[in-house]
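These numbers come from a predicted model, not from an experiment.
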Amino acid sequence: EPFEPICITNALSAKDVVVSGLEDTVTYTGEEITQPYLTLWGIGGMIDASQYKVTYSKNINAGTASVTITANSDSMYSGKVTLNYKIAPAELSDILQVGTLSSKNYDGKAQTYTKKELETAFTELTTGKMIPSGSYKIAYSNNVNAGTATMILTGSKNYTGTARGAFTINKKAIGVV
């Protein structure tokens, strides 16, 4: 009888494969966050990366991201395995550089800053830019009368924690008649 080849495929599934190198929690960076140290292990040892492809979803913003490892059609494996990891919000106090806030002049009204003024005062250490608007809330204290006022940025969405900056409200000059 003629010999008939038998094709043996191994399943790529959570019960048949061990994935090492997955970081359970990573911190938001504003960029795609991948898992560069993933290694797949099967019954025969390490599975060569040429046997599968890796894709990601929801891997930019804070929340739950997924990495899916799918066997290539021409590999000795079949199927796929999906693993989740957490992208934690970045801590404002760790990523923001607080510069000098320009002084304001007393006029009897609450003193605040425009978005443009904030861009020069609070910059992200990695990009040198202000974090995106909508990613923080601003609160002020002691910002009506002459003296030292405080601005507090509180992170939201992809950011957590607070960053503070102080500014001076100058006394109103009295003119000579």
Next item on the list: Give the minimum heavy-atom separation between Val144 and Tyr106, together with the two atoms involved.
Entry: O-CD1, 3.3 Å

Note to self: Less than 4.5 Å apart, side chain to side chain, heavy atoms only: is that true for Asn72 and Lys53?
What the structure shows: yes

Next item on the list: Step by step, work out the side-chain contact (heavy atoms from CB on, under 4.5 Å) result for Ile95 and Tyr159.
Entry: CA-CA 10 Å; Ile95 64 155; Tyr159 300 91; 3.1 Å; yes

Notebook entry, point to check: So, does Gln111 use its side chain to make a donor-acceptor pair with the main chain of Lys109 at under 3.5 Å?
Noted result: yes

Notebook entry, point to check: Atom CD of Glu32 and atom CD1 of Ile60: how far apart are they, to the nearest 0.5 Å?
Noted result: 5.0 Å

Next item on the list: Please say which of Thr68, Thr70, Thr55 ends up in a side chain to side chain donor-acceptor pair (under 3.5 Å) with Thr82.
Entry: Thr68

Next item on the list: Would you sort out whether Ser103 and Asn170 count as a side-chain hydrogen bond (donor to acceptor under 3.5 Å, both in side chains), showing the intermediate values?
Entry: CA-CA 7 Å; Ser103 62; Asn170 299 318; 3.3 Å; yes

Notebook entry, point to check: Quick one: CD on Gln51 to OG on Ser78, what's the gap to the nearest 0.5 Å?
Noted result: 11.5 Å

Note to self: Any heavy-atom pair between the side chains of Ser75 and Tyr52 that's under 4.5 Å?
What the structure shows: no

Margin query: Regarding Ser135 and Asn158, do their side chains bring together a donor and an acceptor under 3.5 Å, going by distance alone?
Written below: no

Check: Just how far is it from atom OG1 of Thr27 to atom CD1 of Ile33, taken to the nearest 0.5 Å?
Finding: 7.5 Å

Item checked: Non-hydrogen atoms of Leu153 and Leu96 that approach each other most closely -> CD2-CD1, 4.3 Å

Checklist line | Hphob cluster co-occupancy, Tyr85 + Tyr28, side-chain heavy atoms under 4.5 angstrom | finding: yes

Item checked: Shortest non-hydrogen separation from Ile69 to Val19 and the atoms involved -> CD1-CG2, 4.1 Å

Margin query: Just verifying a value: how many Å separate Lys86 NZ and Asp24 CG, rounded to the nearest 0.5 Å?
Written below: 11.0 Å

Next item on the list: Supply the atom-to-atom distance Ser141 OG to Arg164 CZ, rounded to the nearest 0.5 angstrom.
Entry: 7.0 Å

Item checked: Any side-chain heavy-atom pair of Lys157 and Asn61 under 4.5 Å -> no

Notebook entry, point to check: Glu23 side chain to Gln35 main-chain N or O, any donor-acceptor pair under 3.5 Å?
Noted result: no

Next item on the list: Tell me, with the steps shown, if Thr34 and Asn59 meet side-chain contact (heavy atoms from CB on, under 4.5 Å).
Entry: CA-CA 7 Å; Thr34 59; Asn59 63 326; 4.3 Å; yes

Notebook entry, point to check: Taking C-beta and beyond as the side chain, do Thr162 and Leu92 meet within less than 4.5 Å on heavy atoms?
Noted result: no

Next item on the list: Indicate the atoms forming the closest heavy-atom contact of Ala62 with Pro89, along with that distance.
Entry: CB-N, 4.0 Å

Checklist line | Within 45° cone and under 6.0 Å: Lys104 NZ/CZ vs Tyr113 ring | finding: yes

Note to self: Below 30° counts as parallel, above 60° as perpendicular, anything between as tilted: where do the rings of Tyr140 and Phe167 land?
What the structure shows: perpendicular

Next item on the list: Say whether, by atom type as modelled, one donor and one acceptor occur between the side chain of Glu117 and the main chain of Thr114 under 3.5 angstrom.
Entry: yes

Next item on the list: Hey, could you give me the CE/CG distance between Met151 and Asn142, rounded to the nearest 0.5 Å?
Entry: 14.0 Å

Checklist line | Residue pair Thr25 / Ala88: nearest heavy atoms and the distance that separates them | finding: CG2-CB, 4.0 Å

Notebook entry, point to check: Any idea which heavy atoms bring Tyr56 and Val67 closest together, and the distance?
Noted result: CE2-CG2, 3.5 Å

